[in-house]
Number of protein chains: 2
Amino acid sequence: MSGTSPDFASLLRGAGLRPTRQRVALARVLFGSGHRHVTAESLHAEVKATRIPVALATVYNALNQFRDAGLLREVVVAPGRSYFDTNTSHHHHFFIETDGELHDFPSDKVTIAGLPAPPKGTRLSRVDVVVRVRR
Amino acid sequence: MSGTSPDFASLLRGAGLRPTRQRVALARVLFGSGHRHVTAESLHAEVKATRIPVALATVYNALNQFRDAGLLREVVVAPGRSYFDTNTSHHHHFFIETDGELHDFPSDKVTIAGLPAPPKGTRLSRVDVVVRVRR
DNA sequence: TTCACTTTTAGAATTATTCTAAATTACTTG
DNA sequence: CAAGTAATTTAGAATAATTCTAAAAGTGAA
Ligand SMILES: [Mn+2]
Ligand SMILES: [Mn+2]
Ligand SMILES: [Zn+2]
Ligand SMILES: [Zn+2]
């Protein structure tokens with residue numbers, strides 16, 4: 001039978017990370033369903049609800065490692081908190097300022113024309129578009 | 001004779017803020033020359049160098065007040081620190097990730113087409129474009 | 001001048017995040 | 001499988017940015 005449940009251990013190994021109990025639990029929550037935007041705190045709460053013990057420091061460690069491995073990207077839209085995004089493909093965001101929610105929107109319909117060239121001695125890293133809205 | 005030095009007291013009064021010694025000193029540094037992107041720490045250092053005593057808490061207070069009054073806008077591009085921008089007109093930013101520098105670029109040459117409509121029940125607040133580059 | 005507010009300030013508090021050093025766990029090898 | 005070693009987790013301390021508190025100082029109206 002073909003695998004219906006994704007293999008998080010392999011995902012982690014492929015990223016050069018040992019598939020420990022807590023990394024697998026975190027990966028399951030992060031990558032088990034559709035794309036997610038989480039904070040360290042929110043992810044910590046979700047995984048604890050899963051009855052697997054994880055320290056908040058481990059969540060921070062894992063998020064940083066997952067990001068460094070390219071499994072996540074970090075999005076900074078509000079002062080004082082980082083969001084981690086399971087959607088690593090090219091896309092942009094709505095940020096609902098009134099309640100701190102982030103929503104994706106695809107970049108393929110969006111055209112940005114007329115961007116100036118990067119300053120001398122620099123290479124383009126990424127173009128972020130954040131559409132801020134309020135209720 | 002026509003005033004060659006801008007009148008920061010009036011600027012502050014016009015914003016509904018008393019022109020105290022420290023607010024005037026802060027305004028002078030912020031608005032006395034071309035557009036600036038400062039952090040609370042960097043502004044604090046600059047004003048202290050001017051021999052006017054200011055507490056860091058006062059700098060935070062003033063930056064928040066100036067922003068609320070529309071004299072500044074706040075820009076969040078990196079986790080854990082806020083930049084305050086004296087350019088309140090519509091424009092976008094280069095962010096040099098390797099050294100934390102922010103540079104303006106005018107929005108009038110930039111065209112963003114195909115943005116989806118704001119989610120139901122929300123109003124557009126602002127569209128931020130950040131071009132991230134590294135050395 | 002006086003007086004009622006505002007503002008400033010030092011230092012404590014808060015929040016998000018990272019660090020430390022010790023305990024535990026994962027993988028390798030025998 | 002049993003060790004051994006290196007990687008990981010963890011509780012709690014430490015840091016960094018920012019806000020709060022309550023008391024002292026300053027501002028401007030009268
Ligand atoms: Mn980080
Ligand atoms: Mn703020
Ligand atoms: Zn996203
Ligand atoms: Zn700017």
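Chain letters run A, B, ... following the sequence lines, proteins first, then strands; residues in each count from 1.
Of the side-chain N and O atoms in B:Thr20, none sit less than 4.0 angstrom from OP1 or OP2 of D:dG26. Considering only side-chain N and O atoms, B:Arg23 lies under 4.0 angstrom from the phosphate OP1 or OP2 of C:dT7. Within the structure, every side-chain polar atom (N or O) of B:Gln22 is placed at least 4.0 Å from both OP1 and OP2 of D:dG26.
For the atom pair CG (B:Asn64) and CZ (B:Phe84), the distance works out to 5.0 Å, reported to the nearest 0.5 Å.
Rounded to whole angstrom, the span from the CZ atom of A:Arg21 across to the C1' atom of C:dT24 amounts to 11 Å. Rounded to whole Å, atom P of D:dG26 lies 19 Å from atom CG of B:Leu17. For the pair A:Ile52 CD1 and D:dT8 C1', the interatomic distance rounds to 16 Å; values are reported in whole Å. Rounded to an integer number of Å, the gap from CG of A:Asp68 to C1' of C:dT18 is 14 Å. With rounding to whole Å, B:Arg67 atom CZ is found 11 Å from D:dT18 atom P. As rounded to whole Å, 13 Å separates atom P of D:dT21 from atom CG of B:Asn61. In this entry the distance linking CZ of A:Arg13 with P of D:dA7 reads 16 Å, nearest Å. Between the NE2 atom of B:His44 and the P atom of C:dT8 there is a distance of 13 Å, rounded to whole Å.
Side-chain proximity of A:Pro19 to the nucleotides C:dC27, D:dT10, C:dT8 is greatest for C:dC27. Nearest to the side chain of A:Ala55, among D:dT18, D:dA11, C:dT9, sits D:dA11. Here the nucleotide nearest the side chain of A:Tyr60, chosen from C:dT9, D:dA17, C:dT17, is C:dT17.
For B:Arg134, the CZ atom is densely surrounded, since the number of other residues' heavy atoms within 6.0 Å is greater than 12.
Between the side chains of B:Asp104 and B:His93, at least one donor N or O sits under 3.5 Å from an acceptor N or O.
Ranked by how close their nearest DNA chain D nucleotide is to the 5' end, A:Pro53 and B:Ala40 are led by A:Pro53. Comparing B:Arg18 and B:Leu56 by the nucleotide of DNA chain C whose heavy atom lies nearest to each, the residue mapping closer to the 5' end is B:Arg18.
The hydrophobic cluster containing A:Leu71 does not contain A:Tyr83, counting ILVMFWY residues as joined when their side-chain heavy atoms lie under 4.5 angstrom apart, directly or transitively.
Screening A:Asp85, A:Asn87, A:Thr86 for a side-chain hydrogen bond (donor to acceptor under 3.5 Å, both in side chains) involving A:His37 leaves a single residue, A:Asp85.
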